[in-house]
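Read the structure below first, then the notes.
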Amino acid sequence: MQQVGTTHNIPKDQITTVTDPPLYKHVVIERHEIPVQVVYSYDLLDHQTHHAASEVLSVTSLTASNLDPGLSAKIVFEQKVPFSNHFYGVPFAQQNLDVIATMGDFPYRPSDLFLKMYAAGLDAIRSQPSCGVVSPSLYGTSGTVPLTIVSVIPDIMQHYHDVIKNAKFEVLLATNAWEQGKSTEAISSAIRILNEKHASTNTRVVVKMIVDMGSVRNVLQPRYFKKPSKWVGMDLPEKSSIPHVDLEVINYHVAPLGTFHSKFMVVDRRVALVNSNNINTRSNVEMMTRFEGKIVNSLYDCFLISWHKSLLPDGLPCLNKVCTQPLWESIDPAEVMSLNSRLNSSNNADSTCDDDGTFVPFFSHTKHEPVPMAVVNRHPHATPGHGDLNTPQNAAWLAALRFAEKEVFIQSPTFNAKPIVEAVLDACKRGIVVTLFVNIGFNDVSEGFVPWQGGTNEQVVERMYQELTACGKDQFLKYYWYTAKDQNNPIHFLDGSRNCHVKFMQVDGKVGIAGSGNMDTQSWFHSQEVNVMVDSEQVVGEWMKAVYSNQNTLTRGLINSGGLLVSGDELPKKKIKVGTEKKSRRILVIILKT
């Protein structure tokens with residue numbers, strides 16, 4: 001038995017309000033006036049005991065004892081994590097995988113592939129417990145996937161609106177960009193409806209939001225509250241107009257490069273939405289997944305860690321309402337409209353192909369029991385350079401390429417981070433088919449000319465094919481330019497009318513990862529990201545059906561090793577169409593903020 005103790009000087013006014021959480025054996029929290037000692041005990045040989053013990057020690061459970069989330073995180077992340085004895089790159093023995101299977105709150109033994117990817121993330125957490133932006137005890141969990149949206153931003157924001165307006169207790173929303181327009185109007189409208197509903201019952205509801213509106217003030221304060229007087233400028237209701245909504249907004253950015261890039265929402269600790277899009281207006285196809293079950297607790301914990309600041313005076317109503325069961329409730333359908341009208345949500349383009357009727361914006365999954373899941377996040381890292389690699393997000397992605405036996409599929413707007421480029425090349429050289437769906441021209445200015453970035457998508461794919469052709473392995477790389485569902489050919493990013501911002505990976509048809517992380521240098525080394533890894537052939541198969549059917553990339557976007565479209569059509573020109581001054585400003589905003 002090993003025992004680790006850490007001493008913290010906690011203010012007396014917090015000590016006197018602390019009540020004991022439901023503790024398990026081998027976890028002792030001793031409270032004295034000052035200091036307070038937290039002792040985390042575990043037995044490396046008794047994995048079942050250590051799992052039961054680790055289950056209680058989380059940022060959420062300590063925050064429920066009236067500690068601030070920031071202090072709770074400090075306590076949790078200073079404990080030694082006794083999880084994995086695996087070192088990345090070493091072959092797994094079956095008995096090691098069986099042990100790793102006990103190191104999470106899974107409904108049954110996960111697949112070997114999932115466990116290898118999961119173990120890689122555990123190694124990162126063991127090295128630096130805070131790097132996963134979730135309590136280690138909540139890293140491995142379970143849940144269900146009732147809904148996925150692969151469509152334009154207004155469709156995703158419609159679901160956000162519907163979920164928010166029906167909240168009973170609290171709404172926790174996190175996003176990177178928050179830009180006035182139809183998306184912010186959808187959130188604001190939902191908050192007003194929420195206020196009216198609670199006014200009718202004389203109750204109150206809590207709404208907390210985290211946004212990244214990077215400012216000079218963030219240099220000294222990574223997190224600060226946006227004053228109510230600033231809400232109207234964000235398209236939010238005036239405080240006096242929503243007396244039954246306790247709204248708070250934090251601006252979070254770790255200057256200079258530690259962007260808060262996470263995009264998710266937790267409502268009533270019963271539903272979690274994880275998506276690729278920001279709260280803004282773009283001509284992007286995006287991906288949002290609705291999660292239910294225990295995975296919601298993990299994402300709730302992630303929000304508390306990101307919030308960091310005090311929850312006083314009223315706290316959060318759902319701090320002690322642990323989510324255990326999925327809902328599988330009915331979901332309002334997407335608005336009915338033509339395909340071209342739907343994709344013209346921000347900037348118009350004429351259709352160049354017929355609508356075959358297979359575009360389904362709201363994809364309802366087949367009802368299923370909870371499946372193994374893990375939150376594979378990364379923390380923000382402000383310092384320039386490529387040193388901050390070892391995080392659960394990156395470890396899971398690299399393990400996917402390392403341990404795939406047949407195929408890997410990746411869709412990302414950008415693909416240029418050195419570690420993933422090298423991992424794909426290595427996989428192709430082993431005979432693994434790697435399929436990449438990428439947006440031509442996406443952020444070329446920032447990716448191609450800003451120091452420390454990985455180059456444009458076109459520069460990177462040219463280098464990849466050169467290396468694979470030289471060793472006779474180019475047939476294993478299937479590279480596609482994103483092609484919208486109403487188009488016969490790709491459209492360049494700078495046109496601004498048909499782009500794709502989906503971030504998704506699947507491995508061997510068994511394990512899928514969906515979330516906010518791009519395959520670019522910023523997401524790999526600097527931004528805070530949130531992603532969920534799912535172990536289910538059914539869910540992954542349905543994800544692929546939704547991804548394939550809602551774009552023409554698979555049939556019209558494939559290029560050969562020479563960089564030309566296999567269809568024989570010409571690639572889009574690298575120039576901006578003639579337009580108004582307003583359009584030029586909008587394109588500049590896309591380059592700087594997407």
Fill in: side chain to side chain contact (heavy atoms under 4.5 Å, CB included) between Tyr300 and Leu319, intermediate numbers included
CA-CA 9 Å; Tyr300 191 89; Leu319 268 174; 4.0 Å; yes
Please work out whether the ring planes of [X] and [Y] are parallel, tilted or perpendicular, with thresholds of 30° and 60°.
{"X": "Trp397", "Y": "Trp524", "result": "tilted"}
{"X": "His368", "Y": "His365", "result": "perpendicular"}
{"X": "Phe106", "Y": "Phe114", "result": "perpendicular"}

For the backbone of [Y] and the side chain of [X], can you confirm whether one donor and one acceptor N or O come within less than 3.5 Å of each other?
{"X": "Asn275", "Y": "Met287", "result": "no"}
{"X": "Ser189", "Y": "Ala186", "result": "no"}
{"X": "Glu529", "Y": "Gly515", "result": "no"}

Can you confirm whether [X] sits close enough to [Y] that some side-chain heavy atom of one is under 4.5 Å from a side-chain heavy atom of the other?
{"X": "Leu236", "Y": "Trp178", "value": "yes"}
{"X": "Val296", "Y": "Val271", "value": "no"}
{"X": "Arg223", "Y": "Gln221", "value": "no"}
{"X": "Val145", "Y": "Thr289", "value": "yes"}
{"X": "Gln528", "Y": "Asn377", "value": "no"}
{"X": "His159", "Y": "Ile331", "value": "yes"}

Item to complete: Classify the side-chain pair Thr414/Asn443 by whether it contains a donor and acceptor separated by less than 3.5 Å.
Response: no
Worksheet entry | Row check, Tyr224 ring normal vs Arg217 NZ/CZ: under 6.0 Å, within 45° |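 Yes - Arg217 lies over the ring of Tyr224, closer than 6.0 Å to its centre and within 45° of its axis.
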Discussion item. Does the structure place the NZ or CZ of Lys545 under 6.0 Å from the centre of the six-membered ring of Phe363, at an angle of no more than 45° from the ring's axis?
Written reply: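 The answer is no; the distance or angle limit is not met.
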Practice prompt. Could you tell me whether Arg270 atom CZ has more than 12 heavy atoms of other residues or ligands within 6.0 Å of it?
Written response: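 12 or below, so no.
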Fill in: More than 12 heavy atoms from other groups under 6.0 Å of CD on Glu369
no
Practice prompt. Give the C-alpha distance, both sets of side-chain angles, the deciding distance and a yes or no for salt bridge (Lys or Arg N to Asp or Glu O under 4.0 Å) between Lys321 and Asp268.
Written response: CA-CA 9 Å; Lys321 298 179 184 293; Asp268 290 342; over 6 Å; no
Worksheet, complete the sentence: When every non-hydrogen atom of Ser283 is compared with those of Asn347, the smallest separation belongs to OG-N, 2.9 Å
